[in-house]
Amino acid sequence: MKVLKFGGSSVANSENIQKVLAIVANESKNQKIAVVVSAFGKTTNKLLAAANIALEDINAAKEILETIKELHYQIIDALISEDKTAVSEEINYLFDRVNAIYEGIFLLQELSNKTLAKVSSFGERLSSFIIANAAKELFDAAHKDSSDLIIANNDYLNAQVNFKITNKNITSFFDQNKHLVTVLGGFISSNINGEVTTLGRGGSDFSASIYAAALNATELQIWTDVPGMFTANPRVVKQAYPISEISYEEAMELSHFGAKVLYPPTIQPALRKEIPIRIKNTFDPESAGTLICKNPNNSDDVKGISHIEDVSLITLEGGGMVGIPGFSKRLFETLSVAKINVVFITQASSEHSICVGVFENDAAKAKELLDETFTAEIDRKKIKPIIVESDLAIIAVVGESMKNYQGLSGQMFSALGRNNVNVRAIAQGSSEKNISAVINKHDAKKALNTLHEQFFEERTKQLNLFVTGVGNVGERFLAQLQQQNKFLKENLKLSIKVIGIANSRKMAFNNDGIDLKNWKDALEKGEPTTLDSFHKKVKESNLINSVFIDNTANKQVSEVYEKYLRDSISVVTCNKIACASSFDNYKTLKQVSRKYNASFLFETNVGAGLPIIDTLKNLINSGDSVHKIQAVLSGSLNFVFNNFNADSTFHDVVAAAQKEGYTEPDPKIDLSGVDVARKILILARESGYQLELADIKNNAFLPEDSLKTTNNDDFYASLTKNEAHFQNIFKEANDKNCRLKYVAEFVDGKANVGLQHIPSDHPFYNLEGSDNIVLFFTDRYPENPLIIKGAGAGADVTASGIFADVIRIANK
Ligand code: ADP
Ligand code: ASP
Ligand code: MG
């Protein structure tokens, strides 16, 4: 014999019930089966909600009841043809009783647990009766009222089963029952006086297990709306997947810590008789589902992760507790007498404090009772008044063989730490089947995803990007990302999503990732942005492995990096302003990045996509030291002086450079040498030297009046005005057979930038187009320098440098 249980969503409408009947028909081919059903869809919630509303507004309660009726009559219409009248009569009778109870509640202005149990029992009484009658039309089936068989105590909403009487009732009923299929309502029971009681919300799973154990069933099947027990709640963790096999104890831990797919008491009866439990999906009966059994075939150390929301921490704290026995006994006694469930316990080994987790609903009552229990000690200042902290959640990592695995809790907490999840308390059961942590409720989703990635997704790592600046570089970056996403997923097991984008006017967010084909639309439809509102949204998204990307050249944007880093959000930037600001600020950003474990990467600050900073870092980290740097670092100045000659005008060449995307938005930053000065400053700092921008000697070639302009129009006008000056610069070099290069040098702790005449035998002479070149003279490369050369400006290469930094973060 087998027992099959179908949950609320499996019987939410007539189409679903038809699927259920097909499954039942198939399973009953070779054996007798008991079918336990839940109420249809959300009926239990509605029955209870209407009962509460009936206290104040009987008409509103009746309106809710009407919607419940409508669903039930629709199902009867669709599924019952032979005995429709008889079935409808019985259903009418049941609904009349619910109606009478609501009127009673309204008249008496009273709603006891006893009444709540009675009201909610109608969901399963109705559903089991209708399904049994629909089944009768297809195969040999009968209905039986569960409250005749399952006998429990007077705890109306959470009745404790009397297994002795219950088992006897079940076996003697089924001994005589000759029908192939028996349909029973889950959730309901009665006390010895015959009053209806219920087994707790979600209790139909438990009913089914009680039947399975009493009948020595060969298997208990729990049919639901997901294909098994997942590695984490699939609604919260998109990457979660069904666990193929799991032990009773592990399944119990997961369900106790919030895996709603199985009501926690369900395991016990089946476990006692070692009856395998299979969790299956009504909507995909072919998929394997999860097998819960004694010796699962599954070598994973961690089997699953679950969480409970709405938890409060209650702390009993004070020096007066140390060494004096009895405090915890009194604490737990007080809570247990008040029937307050303790979900979590930790005690510091100093005995200075005891901390318990309870459901938020119980917290106020728990504090009141405990303050009373310990009044004497509190008055004498031996302990502090009870401390309650709310808005918390508990997350639990579960797996029986975790105990054999060194360093697992280290992995768990460092993963949480990396993602800025603050852990408030930790408990590890001595059985080591479970490590649990109390965190802020707000962080629960992020924490679950973090841990899921840590323990189940070595294969795919997620990165969540927040991109500000979608001009030249930003746009190219998004295009490259879109083009490469599939490759990254398949080859690097890396899933990169752009969650937020912003330009100077608007921002758009999508926690599932913005469609990169249509990001312009999304942004256009977005909301107005400021740096603060963008940061706030990033924080609210609270996603794992978040990266803030600055593709602007804006000073204000460069000033928010620290805020992001302090939230453990990595920063990638092509904006040089932060790294070329005061040395103190540069150092602070580096320190904050280390402290909060968030990368701060700016490879594109020098030489666009060329691996200059990364190479320098590798030299320094491996113990080399830099003596001298010589470099041509301005792709824009290179382009300008490679194209400028007696046949062109300086103005046109600069305009062309800007049009090609080789200059900063403000070309004066390039032409004045400031941009090159910033770059050599950054290289000097990355080499370990403490320098300020003002320490860099800048031999500018722009005439004074060009330098003084304050906008691009005036600047370009001044170039035209000074054409003779520029032609003269060209002629002087040309007369000596030299080319003009804007060179940056760093020697013995000092740096300078300026235009130089480069003869034909010099490595800089043949630099093409917008190419950059850097020569590093170091301990290991004293005479023949380490040379890095290539295209050093342009939106595409800069975007690919940003991309490379993002990949560096993924590989960390
Ligand atoms: P039923 O109505 O069939 O009893 P429930 O709603 O009680 O179904 O339980 C199934 C739901 O449990 C799933 O839809 C899912 O949202 C939730 N759930 C939470 N944690 C898990 C988990 N670890 N594995 C599977 N489902 C889970
Ligand atoms: N119908 C009950 C509830 O919603 C029992 C169950 O479905 O398991 O809690
Ligand atoms: Mg359920």
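The figures that follow rest on heavy atoms only: side chains count, while hydrogens, waters and symmetry mates do not. In listed order, ligands and their atoms are each counted from 1.
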Q: Find all atoms of ligand 1 within a distance of less than 4.0 Å from any non-hydrogen atom belonging to Lys5, and give their numbers and elements.
A: 4 (O)

Q. Under 3.5 Å, N or O to N or O, is Gly8 touching ligand 1 that way?
A. yes

Q. Heavy atom of Gly228 under 4.0 Å from ligand 1?
A. yes

Q | Thr224: numbered ligand 1 atoms lying under 4.0 Å from its heavy atoms | A | 1 (P), 3 (O), 8 (O), 10 (C)

Q. Taking atom CG of Leu138 as the centre, does the number of heavy atoms from other residues, nucleotides or ligands within less than 6.0 Å exceed 12?
A. yes

Q. Of all the heavy atoms in Gly203, does at least one lie under 4.0 Å from an atom in ligand 2?
A. yes

Q. Is Arg235 paired with Asp225 through a side-chain N to carboxylate O contact shorter than 4.0 Å?
A. yes

(Q) If we only consider heavy atoms of Ser38, is any one of them less than 4.0 Å away from an atom in ligand 1? (A) no

Q. For ligand 1, is any non-hydrogen atom under 4.0 Å from Lys260's backbone (N, CA, C, O), its side chain (CB onward), both, or neither?
A. both

Q. For ligand 1, which atoms sit closer than 4.0 Å to a heavy atom of Gly7?
A. 1 (P), 2 (O), 3 (O), 4 (O)

Q. Tell me: protein heavy atom nearest atom 24 (N) of ligand 1, and distance?
A. Phe230 N, 2.8 Å

Q: Answer yes if the side chains of Glu274 and Tyr248 hold a donor-acceptor pair under 3.5 Å, and no otherwise.
A: no

Q) How about Asn545 and Lys461: does a side-chain donor come under 3.5 Å of a side-chain acceptor? A) no

Q. Do Tyr263 and Ser209 have side-chain atoms, one donor and one acceptor, less than 3.5 Å apart?
A. no

Q. Between the side chains of Ser390 and Ser312, is a donor N or O closer than 3.5 angstrom to an acceptor N or O?
A. yes

Q) Taking the non-hydrogen atoms of Lys42, is any one of them nearer than 4.0 angstrom to ligand 2? A) no

Q | Parallel, tilted or perpendicular: rings of Tyr73 and Phe95 (30°, 60°) | A | tilted

Q. Will you find, in the side chains of Asn167 and Lys164, an N or O donor that is under 3.5 Å from an N or O acceptor?
A. no

Q) Can you tell me the protein heavy atom closest to atom 9 (O) of ligand 2 and the distance? A) Arg201 NE, 2.6 Å

Q: Please examine the side chains of Ser38 and Lys5, heavy atoms only from C-beta on, and report whether any two atoms are closer than 4.5 Å.
A: yes

Q. Going by heavy atoms, is Pro234 under 4.0 Å from ligand 1?
A. yes

Q.
Students should be able to answer this: which protein heavy-atom is nearest to atom 7 (O) of ligand 2, and at what distance?
A. Ser38 OG, 2.9 Å

Q | Electrostatic pair Glu103:Lys62 at N-O distance under 4.0 angstrom | A | yes

Q | Short N-O contact, Lys497 and Asp512, less than 4.0 angstrom | A | no

Q: Can you sort out which atoms of ligand 2 are near Thr44, meaning under 4.0 Å from one of its heavy atoms?
A: 1 (N), 2 (C), 3 (C), 4 (O)

Q: Tell me which protein heavy atom sits closest to atom 6 (C) of ligand 2, plus the residue, atom name and distance to 0.1 Å.
A: Ser204 OG, 3.3 Å

**Q.** Heavy-atom nearest neighbour in the protein, as seen from atom 16 (O) of ligand 1, with distance rounded to 0.1 Å
**A.** Arg235 NE, 2.7 Å

Q. His72 and Phe40: ring pair (Phe, Tyr, Trp, His ring centres under 6.0 Å), yes or no, with the steps?
A. CA-CA 8 Å; His72 285 73; Phe40 293 155; 4.8 Å; yes

Q.
So which atom in Glu250 and which in Val398 form the shortest heavy-atom distance, rounded to 0.1 Å?
A. O-CG1, 3.6 Å

Q. If you measure from atom 21 (C) of ligand 1 to every heavy atom of Leu254, Asn233, Thr231, which option wins on shortest distance?
A. Asn233

Q.
Under a 4.0 angstrom heavy-atom cut-off, which atoms of ligand 1 come close to Met229?
A. 24 (N)

(Q) At less than 4.0 angstrom from any non-hydrogen atom of Ala232, what atoms of ligand 1 do you find? (A) 23 (N)

Q) Less than 3.5 Å between some nitrogen or oxygen of Gly202 and one of ligand 2, yes or no? A) yes

Q: Kindly confirm or rule out an N or O of Lys5 lying under 3.5 angstrom from an N or O of ligand 2.
A: no

Q.
Return the closest protein heavy atom for atom 13 (C) of ligand 1 as residue, atom name and distance.
A. Asp225 OD1, 3.6 Å

(Q) For Lys441, I'd like to know if atom NZ has over 12 heavy atoms of other residues, nucleotides or ligands within 6.0 Å. (A) yes

Q.
For atom 12 (O) of ligand 1, what's the nearest protein heavy-atom neighbour? Residue, atom name and distance, please.
A. Val261 N, 3.4 Å

